[in-house]
Number of protein chains: 2
Amino acid sequence: MRPRNFDKEDAIREMTLKIIAEEGLENLTMQKLAKAANISPRTIYIKYENKEDLLIKIFVEEILEFYETAVLWGFSETMDFAGGVQKLWQNTAFYLMSNRPSFVLMQYGKSSPLLNKVFQEKNIQQGQYFGPIHRWLQRHIEAGLIRDLPMEVHRAFLLSPLLDLVNEYFEYSDRPVQIITPKVMAECCEMVIKGMLK
Amino acid sequence: MRPRNFDKEDAIREMTLKIIAEEGLENLTMQKLAKAANISPRTIYIKYENKEDLLIKIFVEEILEFYETAVLWGFSETMDFAGGVQKLWQNTAFYLMSNRPSFVLMQYGKSSPLLNKVFQEKNIQQGQYFGPIHRWLQRHIEAGLIRDLPMEVHRAFLLSPLLDLVNEYFEYSDRPVQIITPKVMAECCEMVIKGMLK
DNA sequence: AAAGTAAGTAAATATTTATTTACTAATGAA
DNA sequence: TTCATTAGTAAATAAATATTTACTTACTTT
């Protein structure tokens, strides 16, 4: 039996992300992808059932899972509140700024119904993903350090301003002065911490 | 000369928003839109140059402009900081929660290259839109009340957690307990204010 | 080394899609 | 009223697109 050529699978994944990052999800076509990956369209269908399957698998396996790993790198649910916030901001900022496809696909996850559904099913919001962050927040709620509000509220305050800033970083990469400097990062962390602490 | 039938133009706009809200931007087709609006596909091309023109005009005229008006309703750049935050949160939450198409299209504005470009060109980020908010922030920076950081940073902290919560509101509308309650709103405003004030 | 088998290809297909063509309808100006 | 003109329609078209068909290739097993 002829063995799988893993290089081709890598090429499919890599070019899928590249096209989405550069031209958007709506401009990804199977023929364009095949040409970019230097393979026949048929080959994509050997590895994936159809286009939807391709998108979902890549979203889950190449984006969500790597994203979680990167965000939680060196983070522990036993960290104190300020230290945790700083760690999460550093990790997230570094990962997203150096992985445009990840950022773009995470944004599509908030608009495209297909990817949004995957988000929900994978329960990224509820704790299947990012469990350590939830337990860390829960611990500080119980200790009376931060307010007793739904998890979603804490999550919203914790990282969504950063996503907005990363968007600025990419959209205005021709800006004379970069937006996310170490000084800005430090001040942002202070603002998050101050806002969330009781 | 036969006069324009404004009802048909209204129908096009209304059904465009409806389809995007319910099925997503990627599932809006000209024939589907024509059928939903009960007109011939050709009629769309009498009002709009092509699909891109339709999307951009609707995004700018039906979404961005209404959004700005709604967010700034009763807001004045002379307001004190806490009062301004509360006003902006109330306005934005109320408008987006009762206008799903608006929210969905604003989200697409962050992922779709086409709409993102419009965002940039219209300078929603830089002050052509939301000028009063910028001047209000600027005034409080100069008064030494909030930090001296780039406008983008303040804007990110001001409203992006709310957009996250509105997303929760729509995605989990089958949730037993609604997420955005008056109590949550009040506490969120307190968190934003506390975080941003020096 | 020959057979068997899945991997892979080039080209075709059937469908969908944006846009146009060729026509009809309705109204204000003359 | 009749003409000129734009609004509007139904059906066609041409291009694009996801997916398949029919075939070839290359490797493992025997």
Side-chain angles (χ1 to χ4, degrees), chain A residues 1-62 105 108 111-115 117-118, chain B residues 1-61 105 108 112-115 117-118:
Chain A
M1 174 172 85
R2 183 175 176 175
R4 281 158 74 190
N5 183 339
F6 290 98
D7 288 352
K8 287 182 201 290
E9 304 185 13
D10 289 345
I12 292 174
R13 280 193 287 268
E14 191 186 323
M15 297 319 294
T16 301
L17 295 179
K18 186 171 192 283
I19 292 170
I20 294 174
E22 288 175 1
E23 307 176 42
L25 186 55
E26 58 272 44
N27 291 306
L28 176 75
T29 73
M30 298 305 253
Q31 342 235 34
K32 191 187 276 184
L33 172 57
K35 185 170 265 184
N38 222 345
I39 52 164
S40 158
R42 183 69 181 84
T43 303
I44 305 171
Y45 289 88
I46 294 171
K47 322 280 183 181
Y48 302 94
E49 248 181 75
N50 50 37
K51 192 180 179 183
E52 194 171 309
D53 182 50
L54 165 78
L55 284 175
I56 292 178
K57 285 215 172 93
I58 289 198
F59 185 54
V60 171
E61 292 164 19
E62 305 295 312
L105 264 166
Y108 272 110
S111 34
S112 142
L114 174 65
L115 298 186
K117 196 165 139 264
V118 176
Chain B
M1 172 172 87
R2 183 175 175 178
R4 282 155 75 189
N5 183 337
F6 291 98
D7 288 351
K8 288 183 201 288
E9 304 186 13
D10 289 346
I12 293 174
R13 281 192 287 268
E14 191 186 325
M15 297 320 292
T16 300
L17 294 179
K18 186 170 193 283
I19 292 170
I20 293 174
E22 289 174 1
E23 307 176 42
L25 186 54
E26 57 272 44
N27 291 308
L28 176 75
T29 72
M30 298 304 256
Q31 341 237 33
K32 191 186 278 183
L33 171 57
K35 185 171 265 181
N38 222 345
I39 52 166
S40 158
R42 183 71 180 83
T43 303
I44 305 171
Y45 289 89
I46 295 170
K47 322 281 183 180
Y48 302 95
E49 247 181 76
N50 49 40
K51 192 180 179 182
E52 194 171 309
D53 182 50
L54 165 78
L55 284 175
I56 291 179
K57 285 215 172 93
I58 289 197
F59 184 53
V60 172
E61 291 163 19
L105 264 165
Y108 271 110
S112 141
L114 174 66
L115 299 185
K117 197 166 138 262
V118 176

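Every chain is numbered from 1, with letters handed out A, B, ... down the list of sequences.
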Checklist entry - For B/Lys47 and D/dA7, is the shortest distance between a side-chain N/O and OP1 or OP2 below 4.0 Å? => result no

Checklist entry - Within this structure, what is the CE-to-C1' distance between A/Met30 and C/dA14, rounded to whole angstrom? => result 16 Å

Item to check | OP1 or OP2 of D/dT9 under 4.0 Å from side-chain N/O of B/Lys8 | outcome: yes

Next on the checklist: Ignoring hydrogens and geometry beyond distance, is a side-chain donor-acceptor pair present between A/Glu26 and B/Tyr108 at under 3.5 Å?
Outcome noted: no

Checklist entry - A/Tyr45 has an atom OH; how far is it from atom C1' of D/dT21, in whole Å? => result 14 Å

Checklist entry - Does A/Glu14 CD have over 12 foreign heavy atoms under 6.0 Å away? => result no

Checklist entry - NA contact type, A/Lys32, heavy-atom cut-off 4.0 Å: base, sugar-phosphate, or nothing? => result nothing

Next on the checklist: Looking only at the side chain of A/Thr29 (C-beta and beyond, no hydrogens), which of the listed nucleotides C/dT19, D/dT9, D/dA18 gets closest?
Outcome noted: D/dA18

Item to check | B/Lys51 side chain, from C-beta outward: closest of D/dG8, C/dA18, D/dA18 | outcome: C/dA18

Next on the checklist: Using a 6.0 Å cut-off, check whether atom NZ of A/Lys32 has over 12 heavy atoms from anything other than its own residue.
Outcome noted: yes

Item to check | Rounded distance (Å) that lies between atom C1' of D/dA18 and atom CG of A/Leu114 | outcome: 15 Å

Next on the checklist: Rounded to the nearest 0.5 Å, what separates atom OG1 in A/Thr16 from atom CD1 in A/Ile44?
Outcome noted: 7.0 Å

Next on the checklist: Mind checking if B/Leu28 touches a base, just sugar-phosphate, or nothing, with heavy atoms under 4.0 Å?
Outcome noted: sugar-phosphate

Item to check | Length of the line joining A/Ile44:CD1 and C/dA7:C1', which is rounded to integer Å | outcome: 14 Å

Checklist outcome for this item: Closest to the 5' end of DNA chain D, once A/Arg42 and A/Gln31 are matched to their nearest nucleotides, is A/Gln31

Item to check | Whole-Å distance separating the CD1 atom of B/Ile12 from the P atom of D/dT9 | outcome: 9 Å

Checklist entry - What nucleotide, of D/dT20, D/dG8, D/dT9, holds the atom closest to the side chain of B/Asn5? => result D/dG8

Checklist entry - Within the structure shown, what part of the strands sits under 4.0 Å from B/Thr43 by heavy-atom distance: base, sugar-phosphate, or nothing? => result base

Item to check | Separation of C/dT9 P from A/Lys35 NZ (nearest whole Å) | outcome: 14 Å

Checklist entry - Which nucleotide in the set C/dA7, C/dT20, D/dG8 lies at the smallest distance from any side-chain heavy atom of A/Ile46? => result C/dA7

Next on the checklist: Please report the distance, rounded to the nearest Å, between CG in A/Asn27 and C1' in C/dT17.
Outcome noted: 14 Å

Checklist outcome for this item: Here the pair of heavy atoms bringing B/Asn50 nearest to B/Met30 is C-CE, 4.4 Å

Item to check | Whole-Å gap separating C1' (C/dT17) and CD (A/Glu26) | outcome: 16 Å

